There are 2 protein chains.
Amino acid sequence: MENEQLDLIFKALSDGTRRRIIERLSVQSEQSLFEVCAASITDDGVALSRQTISQHLRVLQEAGLIKTSWKGRTKAHSLNDEEKHQDAIDWLKKYIRSGEGK
Amino acid sequence: MENEQLDLIFKALSDGTRRRIIERLSVQSEQSLFEVCAASITDDGVALSRQTISQHLRVLQEAGLIKTSWKGRTKAHSLNDEEKHQDAIDWLKKYIRSGEGK
DNA sequence: TTGACGTGCAGTTAAATTACAGCATTTAAT
DNA sequence: ATTAAATGCTGTAATTTAACTGCACGTCAA
């Protein structure tokens with residue numbers, strides 16, 4: 001009754017750093033934590049710590065927006081398209097006044 | 001460069017109480033603060049204070065998701081469809097793998 | 001098997017968020 | 001002109017979040 005899942009999705013997307021991570025993962029998937037860190041520095045200009053980026057990635061994963069897989073000792077992060085993004089869109093579309101009243 | 005507006009939109013939507021307010025405003029528009037309070041009680045079963053609901057409405061308005069107008073001493077709250085909801089959808093749609101890479 | 005590499009986990013701090021109460025302000029009605 | 005109704009504004013406490021530091025763990029290579 002609380003739709004906890006939408007909470008997680010929208011909260012994950014409410015942070016600019018996390019949205020930029022998603023944007024970069026959509027261009028280049030299977031990125032490790034270090035690669036995401038490096039891209040954050042070069043693209044955003046701010047050097048966030050490895051632990052901070054790791055935390056952001058965990059938030060994105062708990063929301064179902066990205067998926068991970070281990071390649072040896074490296075964890076690859078990729079976009080989980082189609083899944084939760086669509087859930088959020090479905091909710092939003094109900095309030096665009098498609099027909100009118102409902 | 002920070003897209004502050006998307007921050008506000010997604011953050012506003014990350015709270016279940018606020019999403020339910022939007023859902024009810026889509027059914028019945030031009031609701032006063034007291035009407036929103038009353039609906040929260042009857043629909044959600046939880047009695048949040050007037051100040052708390054007022055704060056939630058302000059968050060929704062600052063995100064551009066609802067609009068307000070004064071009718072005498074009563075402030076009418078209505079859904080701002082088409083506007084910011086569409087902005088959020090546009091952002092999300094880029095990561096649904098429409099074509100593929102981009 | 002030793003050591004470097006890639007992550008995870010625990011704990012800290014400052015700032016933001018959510019809930020509330022109390023008082024002030026404005027408007028309509030008597 | 002008073003009063004009641006509908007909100008706004010200020011401040012407080014508890015919770016959460018975003019950033020960090022430090023240490024520990026598992027894996028691959030030499």
Side-chain angles (χ1 to χ4, degrees), chain A residues 2-22 25 28-41 44-63 65-78, chain B residues 2-22 25 28-41 44-63 65-78:
Chain A
E2 279 294 318
N3 211 335
E4 187 84 25
Q5 196 57 38
L6 275 178
D7 279 27
L8 295 178
I9 295 170
F10 285 127
K11 183 156 293 186
L13 294 174
S14 72
D15 186 285
T17 298
R18 285 194 289 265
R19 285 200 308 277
R20 283 191 293 276
I21 288 175
I22 286 186
L25 285 180
Q28 170 84 37
S29 62
E30 301 279 304
Q31 290 194 54
S32 72
L33 172 57
F34 274 146
E35 291 176 295
V36 175
C37 284
S40 290
I41 297 176
D44 304 347
V46 198
L48 294 174
S49 78
R50 175 180 61 81
Q51 291 85 346
T52 298
I53 298 287
S54 173
Q55 200 165 261
H56 282 306
L57 288 170
R58 188 165 52 79
V59 171
L60 288 170
Q61 199 214 325
E62 285 173 356
L65 294 169
I66 67 174
K67 54 191 172 189
T68 62
S69 64
W70 284 93
K71 313 277 186 188
R73 61 183 166 185
T74 300
K75 192 179 190 179
H77 303 80
S78 299
Chain B
E2 279 292 318
N3 211 336
E4 186 83 24
Q5 197 56 40
L6 276 178
D7 279 26
L8 295 178
I9 294 170
F10 284 127
K11 181 155 294 184
L13 294 174
S14 72
D15 185 286
T17 298
R18 286 194 288 264
R19 286 200 306 277
R20 285 191 292 276
I21 289 176
I22 286 185
L25 286 181
Q28 170 84 37
S29 62
E30 301 279 304
Q31 290 193 54
S32 73
L33 171 58
F34 275 145
E35 290 177 297
V36 175
C37 285
S40 291
I41 296 176
D44 304 347
V46 198
L48 294 174
S49 78
R50 175 181 61 81
Q51 292 86 344
T52 299
I53 297 288
S54 174
Q55 202 165 260
H56 281 306
L57 288 170
R58 188 166 52 78
V59 171
L60 288 170
Q61 200 213 323
E62 284 174 357
L65 293 169
I66 66 174
K67 55 190 170 187
T68 60
S69 64
W70 284 93
K71 314 276 185 187
R73 62 184 166 188
T74 300
K75 191 180 191 179
H77 301 80
S78 299

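Because the structure is predicted, anything quoted here is derived from the model rather than measured. Letters A, B, ... mirror the listed sequences (proteins, then strands); counts begin at 1.
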Discussion item. Categorize Thr52(A) for me: base, sugar-phosphate, or nothing, with a 4.0 angstrom heavy-atom threshold over every strand shown.
Written reply: base
Response to the item:
Taking dG8(C), dT7(C), dT27(C) as options, the one with an atom nearest any side-chain atom of Arg73(B) is dT27(C)
Worksheet item: For Thr74(B) and dT27(C), is the shortest distance between a side-chain N/O and OP1 or OP2 below 4.0 Å?
Response: no
Discussion item. Any base atoms under 4.0 Å from Lys11(A), or only sugar-phosphate, or nothing? Heavy atoms, all strands.
Written reply: sugar-phosphate
Discussion item. Distance criterion of 3.5 Å, no angle test: do you see the side chain of Arg50(A) paired donor-to-acceptor with the base of dG8(C)?
Written reply: yes
Discussion item. Looking at His56(B), I'd like to know whether one of its side-chain N or O atoms comes within less than 4.0 Å of OP1 or OP2 on dA19(C).
Written reply: yes
Worksheet item: Which nucleotide sits closest to the side chain of Trp70(A): dA6(D), dG8(D), dG8(C)?
Response: dG8(C)
Practice prompt. Please determine, for the side chain of Leu48(A), which listed nucleotide (dG6(C), dA19(C), dC20(D)) has the closest atom?
Written response: dC20(D)
Item to complete: Look at the side chain of Ser49(A) and decide which nucleotide, out of dT7(D), dT18(C), dC20(D), has an atom nearest to it.
Response: dC20(D)
Practice prompt. Give a yes/no answer on whether the side chain of Lys75(A) brings an N or O atom under 4.0 Å of OP1 or OP2 in dG8(C).
Written response: yes
Worksheet item: Which atom names give the shortest non-hydrogen contact between Ala76(B) and Lys71(B), and what distance separates them?
Response: CB-CG, 4.2 Å
Practice prompt. For Ser54(B), report the nucleic acid contact type (base, sugar-phosphate, nothing); a contact means any heavy atom under 4.0 Å.
Written response: sugar-phosphate
Practice prompt. Check step by step if side-chain contact (heavy atoms from CB on, under 4.5 Å) holds for Leu13(B) and Leu65(B).
Written response: CA-CA 9 Å; Leu13(B) 294 174; Leu65(B) 293 169; 3.8 Å; yes
Item to complete: Give a yes or no on whether a donor-acceptor pair under 3.5 Å exists between the nucleobase atoms of dA19(D), that is its base, and the side chain of Gln55(A).
Response: yes
Fill in: Residue pair Leu33(A) / Lys75(A), side-chain heavy-atom distance below 4.5 Å
no
Worksheet item: When you measure from the side chain of Arg18(A), which nucleotide among dC20(C), dC5(C), dA18(D) comes out closest?
Response: dA18(D)
Worksheet item: Hey, does Ser32(A) reach any base, or is it just sugar-phosphate, or nothing, if we go heavy atoms under 4.0 Å?
Response: sugar-phosphate
Worksheet item: For the salt bridge (Lys or Arg N to Asp or Glu O under 4.0 Å) test, which of Arg18(A), Arg19(A), Arg20(A) pairs with Asp44(A)?
Response: Arg20(A)
Discussion item. Determine whether a donor-acceptor pair (N or O, by modelled atom type, separation under 3.5 Å) exists between the side chain of Gln5(B) and the backbone of Ala63(B).
Written reply: yes
